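Worksheet: one structure, shown below.
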Amino acid sequence: MLGAAIRSEWYRTTRNRNLLFWAYGVIPLVYFALAATFDISMVLQNGSPKDSDNLRMIARVLNVAGNPVAHLFFAIGAASIVADDYRWETWRLIVPRNGRRSLIAGKFLTYLMLVGLALVLTVIGDRFVAVAAGIVRGQVDWPSAQAVGQASAVFFAAWFELGVLGAAVMFLAILTRSLLGAVIPAFLLSLTAAMGLDYLVPRRDAPWALLAPGRAGEVVREWILPPSGVPMIRTETAALAAISLFLWAVSALTLAILAFGRQDLSNE
């Protein structure tokens, strides 16, 4: 049942080119353009590398998982997967063919695969520009095996954080039965939390601030790879942040399934 739901949702979503571009293609393209602009300007000025630490360059790119503007685009992808069935009144055709829990799980896993692909493309675009600039300079810095392992850990942390975003947005889309009703509140909350916490609680290890998924994801990424190279996040704090993210994901998915299960979809 779940496999059929995933295949069906993947088929439908990947044939919506506008959704694929705006929800999952804009962020990789923007990061690629920014990296190309910066590297070209550095090469034209003095030929010096922008950074010789490949690992930290990749980690900085993966900070897109905590960017409120990126959240806006990814939220559009998560909300559209659910809200489009309300808009086109197709739930009444889909629900009799599969269980409601399988349908929501299939939609969520489809979003996870697509947002993971978007993260991969973002990293590949940045690395492509860095390698091209290195060839022009005559000096290409390749990451070590250890760096690849650490970068993979940061990637999965960023991926999980965006999974929490997707689960929360899907819950809002089910409650409001609309795309804007899910995307706008999610974006405003993400933006407010990012700006408010940075101003009110600049300390990354403040325990109560870890209740915000954005701060929790940032703490986990910084614990895996400290920006300055010096560990600043304690293991206990990182564990609390990971637990916070896990509870957010489970709670949002559970609420989405419960709310969806109680809806009358005979006319939807």
Side-chain angles (χ1 to χ4, degrees), residues 1-27 65 70-121 156 158-187 189-190 213 217 244-268:
M1 299 289 281
L2 179 58
I6 294 173
R7 288 192 298 272
S8 173
E9 199 56 47
W10 180 267
Y11 178 86
R12 296 171 62 200
T13 304
T14 53
R15 275 152 184 77
N16 189 339
R17 295 181 181 178
N18 288 331
L19 174 62
L20 288 179
F21 175 77
W22 289 108
Y24 307 106
V26 166
I27 296 302
H71 287 176
L72 173 63
F73 289 95
F74 293 138
I76 291 173
S80 294
I81 289 178
V82 174
D84 282 354
D85 284 312
Y86 291 105
R87 178 186 179 190
W88 301 113
E89 299 182 356
T90 51
W91 278 126
R92 57 192 173 89
L93 304 175
I94 299 172
V95 170
R97 291 171 170 80
N98 210 328
R100 295 197 180 197
R101 282 179 294 182
S102 295
L103 289 173
I104 295 301
K107 289 177 179 293
F108 176 69
L109 291 174
T110 299
Y111 161 80
L112 266 187
M113 289 186 286
L114 288 171
V115 82
L117 180 60
L119 281 179
V120 170
L121 291 176
F156 283 110
W159 192 17
F160 193 85
E161 183 179 350
L162 291 176
V164 173
L165 170 71
V169 169
M170 285 185 179
F171 170 58
L172 291 175
I174 290 171
L175 281 184
T176 62
R177 305 192 182 199
S178 72
L179 186 146
L180 291 180
V183 172
I184 299 303
F187 171 65
L189 286 172
S190 175
S244 175
L245 283 176
F246 177 77
L247 292 177
W248 269 101
V250 171
S251 300
L253 276 176
T254 301
L255 289 172
I257 290 172
L258 290 176
F260 186 63
R262 296 178 63 87
Q263 286 182 341
D264 180 10
L265 302 173
S266 58
N267 295 321
E268 297 287 355

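For clarity, every value in this text was computed on a predicted model and none was experimentally measured. Below, all heavy atoms of this structure are taken into account, side chains as well, without hydrogens, waters or symmetry copies.
Of all non-hydrogen atoms in Pro213 and Val164, the two that sit nearest each other are CB-CG1, 4.1 Å. Closest non-hydrogen pair, Leu19 versus Gly77, comes out as CD1-CA, 3.9 Å. Residues Glu161 and Ala65 approach most closely at OE2-O, 3.3 Å, considering heavy atoms. When every heavy atom of Ala167 is checked against every heavy atom of Ala249, the shortest pair comes out as CB-O, 4.2 Å. Phe74 approaches Ala23 most closely through the heavy-atom pair CD2-O, 3.3 Å. In plain terms, the two heavy atoms of Leu179 and Ile76 that are nearest each other are CD1-O, 4.3 Å.
Taking CG of Asn98 as the reference point, atom OG of Ser8 lies at 8.5 Å (rounded to 0.5 Å). Taking CD1 from Ile81 and CG from Leu103, the interatomic distance works out to 12.5 Å, rounded to the nearest 0.5 Å. Going from atom OG1 of Thr90 over to atom CG of Asp84 covers 8.0 Å, rounded to the nearest 0.5 Å. With rounding to the nearest 0.5 Å, the separation of CZ in Phe187 from CG in Leu180 is 13.0 Å.
Listed by chain and residue number, Leu2 satisfy the side-chain contact (heavy atoms from CB on, under 4.5 Å) test with Ala105 (two or more places apart in sequence, or in another chain). With sequence neighbours left out, the side-chain contact (heavy atoms from CB on, under 4.5 Å) criterion links Ala182 to Ala79, Val169, Leu172, Ala173. Residues that satisfy the side-chain hydrogen bond (donor to acceptor under 3.5 Å, both in side chains) test with Thr13, not counting sequence neighbours, are Glu9. By the side-chain hydrogen bond (donor to acceptor under 3.5 Å, both in side chains) test, Ser190 pairs with His71, sequence neighbours left out. Annotation: side-chain contact (heavy atoms from CB on, under 4.5 Å) contacts of Leu175 (sequence neighbours excluded): Phe171, Ala259. Listed by chain and residue number, nothing satisfies the side-chain hydrogen bond (donor to acceptor under 3.5 Å, both in side chains) test with Arg100 (two or more places apart in sequence, or in another chain). Applying the ring pair (Phe, Tyr, Trp, His ring centres under 6.0 Å) rule to Phe260 yields the partners Trp91; only residues at least two apart in sequence or on another chain are considered. For Ile257, the side-chain contact (heavy atoms from CB on, under 4.5 Å) partners are Arg101, Ile104, not counting sequence neighbours.
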Val95 and Gln263: CA distance, side-chain angles, deciding distance, side-chain contact (heavy atoms from CB on, under 4.5 Å) verdict: CA-CA 11 Å; Val95 170; Gln263 286 182 341; over 6 Å; no
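Among residues at least two apart or in separate chains, there is no side chain to side chain donor-acceptor pair (under 3.5 Å) pair with a member in residues 163-172.
Residue-environment remark: CH2 (Trp22) stays at or below the threshold of 12 foreign heavy atoms within 6.0 Å. Under a cut-off of 6.0 angstrom, the local environment of CZ in Phe246 is sparse, with at most 12 non-hydrogen atoms contributed by other residues, nucleotides or ligands.
For the salt bridge (Lys or Arg N to Asp or Glu O under 4.0 Å) test with Asp85, the passing option among Arg177, Arg92, Lys107 is Lys107; the others fail.
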Donor-acceptor list for residues 109-117 side chains, cut-off 3.5 Å, not counting sequence neighbours:
| residue | atom | partner | partner atom | Å |
| --- | --- | --- | --- | --- |
| Thr110 | OG1 | Gly106 | O | 2.8 |
| Tyr111 | OH | Leu162 | O | 2.8 |

